[in-house]
Amino acid sequence: LSAENLRRAKEKGVRICISSDAHAPQGLQYHYGILQARRAWLEQKDFINMQPWHTFNAWRTKRQASS
């Protein structure tokens, strides 16, 4: 997502999952997700996969139950 879309998602309360988008181990050196998050002024609390396990698991369980 672009920085603009990340900011919009945050404003709407959308939980973001950040990843490396690596397709091979060599791709782990690139930090595109982190760079976009910084451009959007996002914080650790804005990312669901950067939360403590109990928080993430509760969110995941709730989503599974509603689908």
Side-chain angles (χ1 to χ4, degrees):
L1 292 174
S2 67
E4 181 179 326
N5 286 335
L6 284 169
R7 282 191 299 272
R8 285 182 184 166
K10 178 180 177 174
E11 290 169 4
K12 300 286 185 183
V14 174
R15 300 304 300 261
I16 306 293
C17 184
I18 193 168
S19 73
S20 67
D21 194 35
H23 298 264
Q26 297 81 3
L28 291 172
Q29 64 183 319
Y30 303 112
H31 306 285
Y32 295 122
I34 294 170
L35 293 173
Q36 286 301 95
R38 287 179 178 164
R39 287 183 187 111
W41 292 91
L42 299 183
E43 302 172 67
Q44 181 175 342
K45 65 182 172 125
D46 299 316
F47 297 94
I48 191 61
N49 63 329
M50 295 179 73
Q51 302 306 309
W53 169 248
H54 66 276
T55 303
F56 175 78
N57 193 43
W59 173 84
R60 184 183 61 83
T61 302
K62 181 179 176 183
R63 286 191 42 93
Q64 286 179 338
S66 67
S67 56

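The model shown is predicted, which means the values in this text are computed figures rather than measured ones. We number each residue from 1, following the sequence as shown.
Atom NZ in Lys45 sits 9.5 Å away from atom CZ in Arg15 (nearest 0.5 Å). One distance of note links OG1 of Thr55 with CD1 of Ile48; it measures 7.0 Å at 0.5 Å rounding. Atom-to-atom distance recorded for Asn49:CG and Arg60:CZ is 13.5 Å, nearest 0.5 angstrom. Here the CG-CD distance, from Leu1 to Gln36, works out to 8.5 Å after rounding to the nearest 0.5 Å.
Between Gln44 and Met50, the shortest heavy-atom distance links the atoms NE2-O, 3.1 Å. Nearest heavy-atom pair across Ala3 and Ala40 is O-CB, 3.4 Å. The heavy-atom pair separating Ala37 from Phe47 by the smallest distance is CB-CZ, 3.5 Å.
For Arg8, the salt bridge (Lys or Arg N to Asp or Glu O under 4.0 Å) test picks out Glu4, with sequence neighbours left out. In this structure, the ring-ring contact (aromatic ring centres under 6.0 Å, His included) partners of Phe56, at least two apart in sequence or on a different chain, are Trp53, Trp59.
Counted within 6.0 Å of CZ on Arg38, heavy atoms from surrounding residues, nucleotides or ligands total 12 or fewer; the atom is thus considered open. Atom CZ of Arg63 has 12 or fewer neighbouring heavy atoms from other residues, nucleotides or ligands inside a 6.0 Å radius.
Follow the hydrophobic side-chain contacts under 4.5 Å out from Ile18 and you never reach Tyr32; the two are in separate clusters. With hydrophobic clusters built from ILVMFWY side chains whose heavy atoms lie under 4.5 angstrom apart, Val14 shares a cluster with Leu6.
Here the side chain of Arg7 pairs a donor or acceptor atom with the backbone of Arg39 at under 3.5 angstrom.
Between Glu43 and Asp46 the shortest side-chain heavy-atom distance falls below 4.5 Å.
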